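In what follows, a structure is listed as structure tokens, so that the remarks can point back to it.
Each chain gets a letter, A, B and so on, in the order the sequences are listed, and its residues count up from 1. As the structure is a computational prediction, the values presented were derived from the model and not from experiment.
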There are 2 protein chains.
Amino acid sequence: MTTSTAQGRDPASLRRHNLRALLRHLHLQGPTSRVRLGEVTGLTRSAIADLVGELTERGLTTESGSSQPQPSRGRPPLIVSPRDERAYVLAVALDVDTVRIGRVGLGGNVLEEMTTQHEHVPGDPTASLEQLARLLREWAGTADAGPIAVGVAVPGLVRAEDGLVTRAPNLGWRDLGLGERLCDLAGLSVPVVVGNEARLAALAEHRRGAGRDRADLVYVSAGVGVGAGVVAHDQLLTGSTGYAGEVGHMITNPGGRACHCGARGCWETEIGADALLRQVGVVDPPDRQAELEHLFERAERAEAEALEAFRFLCAPVATGLANLVNIFDPKLILLGGLLRPVLRHAERELHDSLDRLRGLPELPVELAPAQLGEQGHLLGAAEAAVSSFLTTFE
Amino acid sequence: MTTSTAQGRDPASLRRHNLRALLRHLHLQGPTSRVRLGEVTGLTRSAIADLVGELTERGLTTESGSSQPQPSRGRPPLIVSPRDERAYVLAVALDVDTVRIGRVGLGGNVLEEMTTQHEHVPGDPTASLEQLARLLREWAGTADAGPIAVGVAVPGLVRAEDGLVTRAPNLGWRDLGLGERLCDLAGLSVPVVVGNEARLAALAEHRRGAGRDRADLVYVSAGVGVGAGVVAHDQLLTGSTGYAGEVGHMITNPGGRACHCGARGCWETEIGADALLRQVGVVDPPDRQAELEHLFERAERAEAEALEAFRFLCAPVATGLANLVNIFDPKLILLGGLLRPVLRHAERELHDSLDRLRGLPELPVELAPAQLGEQGHLLGAAEAAVSSFLTTFE
């Protein structure tokens, strides 16, 4: 039962609730007039003035007269904006070979961004932790103020309650208290949120990408593995522990190939990078990424064998998508990683397979490419960081 | 952004919000002392007294001194209870052969319940509508007050926004505006909510059954078809249209048997009543329900062939369950319909299959029988009705 604010409620918590509500609106909707803030929150003009005054005093927002010429007479309305050079988060997207770090303002603007090599020692997180801590200290130091929160996207299973990286196969990590360790090493006193990269990319697509203004969507991205995130009623689905969304281990071909997870016929064994490369005769390549990019280029040049490989993938891709449609009724599925070129080069075949496999015509679905690409993990980490800032804001 | 109540907010909507909050608490938690109501809502004593006064005056609640002897001196605390002989919903669970109707009080008590034959003409809803309208009029008439809302559980796809029954294969209905029609025919002026029976049963198990105090769960029930409902973070998953949860059409055996939905190898073709009966050599029986019950009895008598049939079902059942675990991370899966005897007679085999197929050890799951059985659809319809009453309460 939510009565976080109510008639006769402790005024301090009421005020906190309203400050958070204003910041959340400014983050998601951008610069907003005082009048509009009053409309969306139901607060009186004097209450808005008072609350905005505090936010501005604390360096989180700034006010200015409207830039647009006014149709009506009278002074231009005051526009409240996030002051993002002071109110920003640091976001990190971790991969096996690279570390991406960005400074993202309240409101979602990427103020600075950099990608560097990941000093990664397989199985031993020490070097990675030191590198990340160093980067965070540097980036926090170069601004007029420290970050309001930090978010980290990881290719692995992350426990929601404490950000424990339970298992990150590609990094060789198990049960690593990443958030906690980074707090200590970087001397951070702000919230550090850690999340699964695909779940965070789904959140980013929902708030800043191809899924804006859609309350329900499924994001699926295929690479070596298959990652996904589900947004239902504007909420990222986490499950009871934070592991919801492991659709790559949905069994779409019982008795099929062995998956690293221990099961057989998991969706990612059917549509992952290896399955695609097998179609062009490439097995266990030394540099999988290079082979993939080569294949993408060949498809762009419309080489028959490359296009055929993407067409071949349509049936197994559609099998899993059909399941997701029947399970989630999302109306929108966003495709990332190697599923983008599948959609690009074999869209008709993919839709035909899906229509054949998706029995219920009552559940139409739109397939669209994910919009944020590589940056999705970073932006998702930033969104998660802002959310945790807002829930702890005093 | 939710600021349904806030500092400086219109007092009328604030009061309405608080009245709804109190009613919701009393419905879900039962009789509660004024002091406790103050604690959970954050409202002052005088605000609680004032609001409870209005609810009692309007016949929705009643107050009495505590029945328990008081350890401390001083007068016993006032206990506020839903007045369920006046504050009740009418719930209906519709099946091909039967109509179940019940009077369920605010607070969840079933005050009266009856099951009667469904005057069902396949393909033509007229007779059904007239029968339901007649029942609702009769049951509304016999109480001191009319119902506060009506809920109807249907074996079919129901559109969330307006309760349109898009498709109910077993009833032969398509695009039937059931709620609207019942309002007119029964002359009801209260909300009439229509929902899919399995989704509603999941809601009932979550609030009143085996899933109490669990924020995440998946309910799966197998009969002729397979129905399911998913509760994530205490919310019933509906999807963008209301069709989420059609896990029976998850493809677990590509290229398998043809499903009535038009696809092949849907989970319900693998674990539904027909798949089970095939194991004991029964194909297209005149009375499927009788055959099932006969098989259940034989299993109770530990007849080898019957037990073998349940064991055989474990692998395909586990395939779908493994997918649901990887997708939802629910920690709890409740099994209904013929999946209850599967769990009862082949529990070890089912767990072994699930452990083999569920690759990620990080996602443990408890399998438990659904608790409400036949009554689940009815209680779920009642819960949905109460929810719609609360959201429209003025």
#### Entry: Atom pair CD1/OG1 of A/I251 and B/T319 - distance to nearest 0.5 Å
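These two atoms lie 5.5 Å from each other.
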### B/R356, part contacting chain A, at a heavy-atom distance under 4.5 Å
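Backbone only.
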### Task
Using non-hydrogen atoms and a 4.5 Å limit, figure out which bit of B/T252 sits close to chain A: side chain, backbone, both or neither.
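For B/T252, backbone heavy atoms alone lie under 4.5 Å from chain A.
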Select, from [options], the one with the greatest count of heavy-atom pairs under 4.5 Å involving chain B.
{"options": "A/S46, A/G320, A/G239", "result": "A/G239"}
{"options": "A/R264, A/R214, A/R167, A/H260", "result": "A/R167"}
{"options": "A/P330, A/A232, A/G265", "result": "A/P330"}
{"options": "A/V230, A/L357, A/V247", "result": "A/L357"}
{"options": "A/A315, A/A244, A/C259", "result": "A/A244"}

Who wins among [options] for the most heavy-atom pairs under 4.5 Å with chain A?
{"options": "B/N323, B/L332, B/L28", "answer": "B/N323"}
{"options": "B/A228, B/A215, B/S240", "answer": "B/S240"}
{"options": "B/D234, B/N253, B/L157", "answer": "B/L157"}

### Nearest heavy atoms of B/K331 and A/T241, plus distance in Å
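Shortest heavy-atom separation between B/K331 and A/T241 comes out as NZ-OG1, 3.7 Å.
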### Query
Where is the tightest heavy-atom contact between A/L237 and B/F328, given as atom of each residue plus distance?
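Taking every non-hydrogen atom into account, CD2-CD2, 3.9 Å.
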### Query
Between B/T238 and A/H233, is any pair of side-chain heavy atoms under 4.5 Å apart?
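Result yes, sub-4.5 Å side-chain heavy-atom pair found.
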### Query
Only one of B/V325, B/I327, B/N326 clears side-chain contact (heavy atoms from CB on, under 4.5 Å) with A/M250; which?
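Of the listed options, the one satisfying the test is B/I327.
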### Message
Is A/D216 in contact with chain B via its backbone, its side chain, both, or neither, using a 4.5 Å heavy-atom distance?
### Response
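Just the side chain, heavy atoms under 4.5 Å.
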### Query
In this structure, are over 12 heavy atoms from other groups packed under 6.0 Å from B/F393 atom CZ?
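Atom CZ in B/F393 is packed in, count exceeds 12.
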